[in-house]
Amino acid sequence: MSSVLHTKTAGTPSDDEGGGVRTGASRKSPSAPPGSTARRRARTGWLFASPALLVIAAVTVFPVVFSLVLSFCEVRLEYGGLRFGSPTLAHYEALLTHPEWYRALAFTLGFTIVSVFIELVLGTLTALVLERLGAGRGWILALLLLPWALINVIAAQLWSYLFNGTYGAVSWMWEQLFGTQPDILGQPVPAMAAMVAVDVWKTTPFVAIVVLAGLMLIPGDVYEAAEIDGASAWTTFWKVTLPQLRPIIAIAVLFRILQAFGIFDLPFVLTQGGPGTATQSVAILGYRILFQNLDFGGGAAVAVTTAAIVLGCCLLFLRVFRAHVDEGGRA
């Protein structure tokens with residue numbers, strides 16, 4: 001009997017021990033409120049992000065604000081620096097009434113639309129081919145990246161040698177095929193076509209890689225379901241692949257619109273904006289007004305107007321794209 005009592009006493013915690021445990025649990029310090037933890041994490045995040053934000057403000061926000069100020073002021077270059085006069089709209093009035101601005105805008109818009117469309121089609125086709133490749137895909141991707149990795153000025157200089165009417169390889173091939181020696185960069189239409197061809201050659205790999213990344217993210221069971229339903233390859237592309245690629249294609253198109261609309265180095269190296277002003281982009285026009293004519297207000301007006309047009313085009317594209325996505329989701 002005593003052994004049983006001893007066993008029960010040893011196996012059962014005493015009231016003091018149980019009370020001690022309860023007292024320790026009751027004395028445990030309360031946790032911090034969730035709101036204070038979130039605020040502390042937010043402050044830490046802003047602290048770590050502040051150097052990057054300062055750099056962005058220095059290289060992005062300040063130039064934009066300074067360009068706006070320049071475009072609305074009379075600015076004169078004096079010995080001590082820039083001298084700002086009274087606010088005015090004269091720079092925008094002169095810009096919007098000058099025919100050279102509209103010619104540059106027409107060339108830039110045409111170049112952007114044609115080049116981005118061709119790059120999107122060729123890049124998508126290239127990505128579809130690369131997706132079905134097994135061995136050797138890495139080598140082909142590396143070769144595709146070579147044109148895109150080249151510096152724009154170097155690529156433009158290379159193609160200027162190829163298009164040269166005296167010793168260029170392209171001109172020599174044209175002469176062998178058609179019996180005439182062309183002046184590709186000396187005539188308006190061939191110069192524009194050459195500009196588009198060089199940009200397509202250089203930037204199609206970028207679109208192909210972006211679209212290929214989107215293709216790799218499409219789940220395989222979607223294609224299996226389409227195959228079970230008896231869909232053809234063409235139907236599968238239009239009804240399955242293309243809707244899945246819409247967000248990726250939107251990103252690629254937005255990047256290309258921003259790059260193509262601000263094109264400067266390609267026409268500057270190939271034709272200097274010529275012949276005449278046939279290949280003068282809005283970026284070259286702004287460069288000439290600002291740095292050659294030293295018209296700081298006029299050059300800033302070109303930059304601000306161009307940025308507003310690009311922003312409007314991007315917002316319009318995103319709105320149309322969102323409408324298509326919503327329509328596809330309802331369907």
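Along the sequence shown, the residues carry numbers beginning at 1.
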Which residues, ordered by chain and number, are linked to [X] in its hydrophobic cluster, where ILVMFWY side chains connect at heavy-atom gaps below 4.5 Å, directly or through other members?
X	answer
F178	W174, L177
L143	L146
V310	L95, L96, W101, Y102, L105, L109, L258, F261, V282, L285, I289, V302, I309
I113	none

Side chain to side chain, [X] and [Y], heavy atoms closer than 4.5 Å:
X	Y	result
P182	P190	no
V269	W159	no
M173	V170	no
S232	T235	yes
V129	L125	no

Would you mind writing out the side-chain donor-acceptor pairs for residues 192-212 within the sub-3.5 Å range, not counting sequence neighbours?
{"from": "D199", "atom 1": "OD2", "to": "R256", "atom 2": "NH2", "distance (Å)": "2.8"}
{"from": "K202", "atom 1": "NZ", "to": "W148", "atom 2": "O", "distance (Å)": "3.1"}
{"from": "K202", "atom 1": "NZ", "to": "L150", "atom 2": "O", "distance (Å)": "2.9"}
{"from": "K202", "atom 1": "NZ", "to": "N152", "atom 2": "OD1", "distance (Å)": "3.0"}
{"from": "T203", "atom 1": "OG1", "to": "D199", "atom 2": "O", "distance (Å)": "3.0"}
{"from": "T204", "atom 1": "OG1", "to": "V200", "atom 2": "O", "distance (Å)": "2.6"}

To the nearest 0.5 Å, how far apart are [atom1] in [X] and [atom2] in [Y]?
X	Y	atom1	atom2	value
T88	E74	OG1	CD	5.0 Å
I249	L254	CD1	CG	12.0 Å
S160	L185	OG	CG	7.5 Å
Y287	N293	OH	CG	11.0 Å
L130	T126	CG	OG1	6.5 Å
E224	D221	CD	CG	6.5 Å

Do other residues, nucleotides or ligands put more than 12 heavy atoms under 6.0 Å from [X] [atom1]?
X	atom1	result
E175	CD	yes
F84	CZ	yes
I151	CD1	no

Shortest non-hydrogen separation from [X] to [Y] and the atoms involved:
X	Y	value
A260	T108	O-CG2, 4.4 Å
T112	S115	O-OG, 3.4 Å
C314	I257	SG-CG2, 4.4 Å
L245	G214	CD2-C, 3.6 Å

Would you find a donor on one side and an acceptor on the other, under 3.5 Å apart, between the side chain of H91 and the backbone of C73? yes

Strictly distance-based, threshold 3.5 Å: is any side-chain N or O of T277 a donor or acceptor partner for the main-chain N or O of Q280? no

Tell me whether [X] shares a hydrophobic cluster with [Y], the cluster being built from Ile, Leu, Val, Met, Phe, Trp, Tyr side chains joined at under 4.5 Å.
X	Y	answer
V121	L242	no
Y161	L266	no
V240	I228	no
I118	F255	no
L290	F264	yes

Would you check, one step at a time, whether the test side chain to side chain contact (heavy atoms under 4.5 Å, CB included) holds for S281 with F111? CA-CA 9 Å; S281 63; F111 172 83; over 6 Å; no

Check: residues 294-301 side-chain donor-acceptor pairs under 3.5 Å, at least two apart:
{"from": "D295", "atom 1": "OD1", "to": "G298", "atom 2": "N", "distance (Å)": "3.1"}

side-chain contact (heavy atoms from CB on, under 4.5 Å) partners of [X], counting only residues at least two apart:
X	value
N164	T166, Y167
L217	none
D229	none

Would you say the side chains of T279 and T271 form a donor-acceptor pair under 3.5 Å? yes

From CA spacing to verdict: side-chain hydrogen bond (donor to acceptor under 3.5 Å, both in side chains), S71, Y92: CA-CA 8 Å; S71 65; Y92 290 98; 2.8 Å; yes

Show which side-chain atoms of residues 45-67 pair as donor or acceptor with protein atoms under 3.5 Å away, not counting sequence neighbours.
{"from": "S50", "atom 1": "OG", "to": "L47", "atom 2": "O", "distance (Å)": "2.7"}
{"from": "T60", "atom 1": "OG1", "to": "I56", "atom 2": "O", "distance (Å)": "3.4"}
{"from": "S67", "atom 1": "OG", "to": "P63", "atom 2": "O", "distance (Å)": "2.8"}

With sequence neighbours left out, which residue pairs that include part of residues 215-237 fulfil the ring pair (Phe, Tyr, Trp, His ring centres under 6.0 Å) condition? W234-W238

List the residues meeting ring pair (Phe, Tyr, Trp, His ring centres under 6.0 Å) with F117, not counting sequence neighbours, and say none if there are none.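 F117 satisfies ring pair (Phe, Tyr, Trp, His ring centres under 6.0 Å) with no other residue.
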
Please walk me through it: do F268 and I263 pass side chain to side chain contact (heavy atoms under 4.5 Å, CB included)? CA-CA 9 Å; F268 188 81; I263 186 171; over 6 Å; no

